[in-house]
Amino acid sequence: MIFSADIITLFPELFPGPLGASVLGRGMADGLWRLQATQLREFATDRHRTVDDTPSGGGAGMVLKPDILARAIDKVSPEGDTRPRILMSPRGRPLTQARARELAQGPGAVIVCGRFEGVDQRVIEARQLEEISIGDYVLAGGEVAAMVLLEAVVRLLPGVLGALDSSDEESFENGLLEYPQYTRPQVFEGREIPPVLVSGDHGKIARWRHDQSLQLTQQRRPDLLNEARPLDSRTKFP
Ligand code: SAH
């Protein structure tokens, strides 16, 4: 069974967008995962294909109607579908590498993209939508957020990235930010590659990288170090 993503959106033409490029696009062409974007407006029932209405209680903007959205969800995700149903939302739990990894191990995802002021609360409850945020700022719609989520998940699927473990040592995977990377030339505008990296001593290189990771995390993201997690689980290197 391949990882299967369904998107419900007012702008299906935005997909696959960046998800169709590079290794993710190749993975899709190779049948490692699939993506289908569905136009929410197809589930409208009136002549004008209305999908939104004014907020109950007053205020600016429009709200996506629960009945139309529920119909779309039920169509792309009929009873028996075990995929998580996700709503992209600034009120959601912030997306983490850990959640991306969990999703990558599952059957796929059904992702609802909000627009305008958001969606009627009752459809969130009735269809048990898991709200996920990509950060503490407000976008105009959920489409780019859904792409961010899927890009983080799909690159973790087996076979999508070239080397099997090339994602293991990256930022967040071990609770730390990644160490600095270098490549040739040996000297760039007077700056040398740190000599330890060209020493050939793999133990020393591993310790240097771990040290750099710790320092960077302390400087930039001390909040990551405060997470309840033993320090030795943050590294494969003793
Ligand atoms: N009125 C809402 C914001 C609506 S923005 C509020 O204050 O919470 C319109 C849509 O964009 C949302 O329904 C959601 O699907 C998407 N969106 C905006 N910011 C987002 C974020 N940080 N993460 C995920 N989705 C977001």
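Heavy atoms only: backbone and side chains are in, while hydrogens, waters and symmetry mates are out. Start at 1 and go down the list; that is how both ligands and their atoms are numbered. Given the structure is predicted, the values throughout are model-derived calculations rather than measurements.
Closest heavy-atom approach to atom 24 (C) of ligand 1 among the candidates Pro94, Ser89, Gly92: Ser89. Considering only non-hydrogen atoms, atom 17 (N) of ligand 1 lies nearest to Pro90 out of Gly61, Ala145, Ala60, Pro90.
Ranking protein heavy atoms by distance to atom 14 (C) of ligand 1, first place goes to Met88 O, 3.1 Å. Remark: minimum distance from atom 13 (O) of ligand 1 to any protein heavy atom is reached at Gly114 CA, 3.4 Å. Among all non-hydrogen protein atoms, the one lying nearest atom 2 (C) of ligand 1 is Glu117 O, 3.4 Å. The protein heavy-atom contact nearest to atom 18 (C) of ligand 1 is Leu139 N, 3.2 Å. Scanning all protein heavy atoms for the shortest distance to atom 23 (N) of ligand 1 gives Ile134 N, 3.1 Å.
Inside a 4.0 Å radius of atom 7 (O) of ligand 1 there is not any protein heavy atom.
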Quick one, Ser77 with Arg83, criterion side chain to side chain donor-acceptor pair (under 3.5 Å). Give me CA distance, side-chain angles, the key distance, then yes/no. CA-CA 8 Å; Ser77 181; Arg83 292 176 297 171; 4.8 Å; no
Walk me through it: do Arg99 and Glu130 pass the test salt bridge (Lys or Arg N to Asp or Glu O under 4.0 Å)? CA-CA 12 Å; Arg99 186 70 186 111; Glu130 170 190 354; 2.8 Å; yes
Let me see the working for Glu125 and Gln121 under side chain to side chain donor-acceptor pair (under 3.5 Å), right down to the final yes or no. CA-CA 7 Å; Glu125 293 164 13; Gln121 179 64 26; 3.0 Å; yes
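Atoms of ligand 1 lying under 4.0 Å from at least one heavy atom of Gly142, given by number and element, are 11 (O), 15 (O), 16 (C). Shown in contact with Phe116 at under 4.0 Å from a heavy atom are these atoms of ligand 1, numbered in order with element: 4 (C), 5 (S), 9 (C). The contact set between ligand 1 and Gly118, taken as ligand atoms under 4.0 Å from a residue heavy atom, comprises 13 (O). Which parts of ligand 1 touch Val138 is read off a 4.0 Å heavy-atom cut-off, strictly below it: atoms 3 (C), 5 (S), 19 (N). Residue contact check: Ile132 has heavy atoms under 4.0 Å from atoms 24 (C) of ligand 1. Per-residue contacts place Ser133 under 4.0 angstrom from the following atoms of ligand 1 (heavy atoms of the residue considered): 22 (N), 23 (N), 24 (C).
Ionic pairing of Glu42 and Arg71 is not present here: no N-O contact between side-chain nitrogen and carboxylate oxygen is shorter than 4.0 angstrom. One finds a salt bridge joining Glu170 and Arg155 here, because a Lys/Arg side-chain nitrogen approaches an Asp/Glu carboxylate oxygen to under 4.0 Å. Using a cut-off of 4.0 Å between Lys/Arg side-chain N and Asp/Glu carboxylate O, Glu178 and Arg209 are scored as not salt-bridged. A salt bridge is absent between Asp52 and Arg115: the closest approach of a Lys/Arg side-chain nitrogen to an acidic carboxylate oxygen does not fall below 4.0 angstrom. Under the 4.0 Å criterion applied to side-chain N and carboxylate O atoms, Arg34 and Asp6 are assigned as salt-bridge partners.
With side-chain heavy atoms closer than 4.5 Å counting as contact, directly or through intermediates, the hydrophobic cluster containing Val198 also holds Tyr182, Ile193, Val196, Leu197, Ile205, Trp208.
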Which atom pairs, one a donor and one an acceptor, fall under 3.5 Å between side chains of residues 53-61 and the rest of the protein, sequence neighbours left out?
none

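Ligand 1 has Ala140 within reach: a non-hydrogen atom of the residue lies less than 4.0 Å from it.
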